[in-house]
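As structure tokens, the structure follows; a few thoughts come after it.
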Amino acid sequence: MSGMNLHYDLHSHSTASDGTLSPAGLVQAAQSAGVNVLALTDHDTTDGIGEAGAVAERLGLQLVAGVEISVSWQSLTVHILGLNINPVCASLQDGLLHLREFRDWRAEEIARRLEKSGIGGAYEGACALTQGRIVSRTHFAHYLVAAGHAASVREVFKRYLVYGKPGYVTGQWASLEDALDWIHRAGGLAVIAHPARYRLTATRLRRLIGEFRELGGEGIEVVSGSHTRDHINTMAMHARREGMLASQGSDYHGPENPWVRLGELAELPAGCCPIWDSEAWPLH
Ligand code: AMP
Ligand code: MN
Ligand code: MN
Ligand code: MN
């Protein structure tokens, strides 16, 4: 197969969601990093795909149309990637629109709560940093750092934006079932993003993977920019045991975060079935 030596990065963000590079800039950066196949997977929007696809074609890179859907599962937020989706699918777009409407309401609610703990102007501040149609906690974090309320994005999350902190608002995202339905109606493959990030017990992780698989989910992101070597081995074991496809992606958000570099990924452990080798993967 001709795809054997291609370099894949199947998880990345642009200014269409909470990344800091434009879709065009992201594709250029991927090209410089030696990536041959890049998936643009913005949170709850496909708005960057047109621009990214056009630049990718000019540079000779394969652009995989993707999305990272916010899902509420058992009082947690989990992220499900759709890869090789058709962005014009009406069911998908209708679903994403509802998630963005929740985001808009949540942004005002986050700001109201921050206001009560003495931080004003956060709604306007966060919105001023958005370049696309979604407002994320990342935008709040960048604003709070700029306004001097914390030294780093990481610190903002820890002090203000996570469960139990003043600016936390419970997610009311898509159901797992709906997210998978939208992805499949759009012709895509569904992948559980960065499964180690949810800090699930082994039992709950098996339950998540089991439900996802029963609903027709295809893959697990085994290698992620946020996974340690141990996480990679654990997720590879789950993928093998459940007969699921394995994916890899940096979850790149821009050059500001030096820990995560585009295309800089560990190899999938032996015994994994790479998602791009599956019959259902359109580009080889
Ligand atoms: P949202 O989807 O708006 O709730 O925001 C989630 C995004 O915030 C994730 O996709 C990450 O990009 C970012 N994020 C979440 N937790 C952290 C953290 N502890 N430090 C930095 N960024 C984070
Ligand atoms: Mn993000
Ligand atoms: Mn994510
Ligand atoms: Mn992501």
Side-chain angles (χ1 to χ4, degrees), residues 10-24 26-27 38-54 56 63-73 76-110 126-127 129-140 169-194 197-198 208 211-212 215-219 221 247 249 251-254 275 282:
L10 300 179
H11 189 158
S12 69
H13 296 273
S14 75
T15 48
S17 65
D18 62 348
T20 56
L21 296 183
S22 66
L26 175 74
V27 172
L38 175 75
L40 176 60
T41 54
D42 276 310
H43 299 286
D44 307 326
T45 179
T46 60
D47 287 351
I49 288 171
E51 179 183 318
L63 195 277
V64 171
V67 66
E68 181 171 17
I69 300 180
S70 307
V71 165
S72 292
W73 181 79
L76 285 176
T77 295
V78 302
H79 288 169
I80 304 297
L81 299 171
L83 298 176
N84 287 304
I85 50 159
N86 174 7
V88 304
C89 171
S91 311
L92 173 68
Q93 289 304 336
D94 191 52
L96 297 182
L97 179 61
H98 283 102
L99 294 180
R100 292 195 299 268
E101 284 168 358
F102 170 68
R103 280 186 177 280
D104 292 341
W105 174 83
R106 184 190 66 160
E108 295 181 46
E109 184 63 18
I110 289 174
C127 287
L129 295 173
T130 66
Q131 290 179 64
R133 286 195 288 168
I134 79 134
V135 50
S136 103
R137 283 185 293 164
T138 308
H139 298 116
F140 279 92
V169 178
T170 304
Q172 294 167 37
W173 306 112
S175 66
L176 197 54
E177 191 174 1
D178 283 347
L180 284 160
D181 182 53
W182 304 338
I183 291 168
H184 289 146
R185 281 173 189 266
L189 293 174
V191 172
I192 302 176
H194 44 61
R197 281 265 297 270
Y198 315 125
L208 171 63
E211 276 184 38
F212 177 78
L215 292 166
E218 286 91 357
E221 196 170 55
S247 190
D251 202 5
Y252 183 77
H253 280 72
I275 193 165

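Keep in mind the model is a prediction, meaning the values are calculated, not measured. In this chain, numbering begins with 1 at the start of the sequence shown. Values below: all heavy atoms of this structure, side chains included; hydrogens, waters and symmetry mates excluded.
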Open item on the list: Distance alone, cut at 3.5 Å: any donor-acceptor contact between the side chains of Ser22 and Gln131?
Closed with: no
Open item on the list: Under a 3.5 Å threshold, yes or no: a donor from one side chain and an acceptor from the other, between Trp105 and Gln172?
Closed with: no
Open item on the list: Within this structure, what is the OG1-CG distance for the pair Thr20 and Leu26, rounded to the nearest 0.5 Å?
Closed with: 9.5 Å
- [ ] Please round to the nearest 0.5 Å and tell me the distance separating atom CD of Glu218 and atom CD1 of Ile192.
- [x] 11.0 Å
Task: Audit row: Val135, Asp104, side-chain contact (heavy atoms from CB on, under 4.5 Å) steps and yes/no - done: CA-CA 7 Å; Val135 50; Asp104 292 341; 3.9 Å; yes
For the residue pair [X] and [Y], what are the closest heavy atoms and their distance?
{"X": "Pro87", "Y": "Ile85", "answer": "CD-O, 3.3 Å"}
{"X": "Ser12", "Y": "Ala39", "answer": "OG-O, 2.8 Å"}
{"X": "Ile134", "Y": "His139", "answer": "O-CE1, 3.4 Å"}
{"X": "His43", "Y": "Asp18", "answer": "CD2-OD1, 2.9 Å"}
{"X": "Val191", "Y": "Leu83", "answer": "CG2-CD1, 4.0 Å"}
{"X": "Leu40", "Y": "Ala52", "answer": "CD2-CB, 4.0 Å"}

Task: Arg185/Asp181 salt bridge by N-O under 4.0 Å criterion - done: yes
Task: Side-chain heavy-atom pair Thr46, Gln93 within 4.5 angstrom cut-off - done: yes
TODO: Let me know which of Arg133, Arg100, Arg103 forms a side chain to side chain donor-acceptor pair (under 3.5 Å) with Asp44.
DONE: Arg103
Task: ring-ring contact (aromatic ring centres under 6.0 Å, His included) partners of Trp182, counting only residues at least two apart - done: none
- [ ] Give me the ring orientation class for Phe102 and Trp173: parallel if the planes are under 30° apart, tilted from 30 to 60°, perpendicular past 60°.
- [x] perpendicular
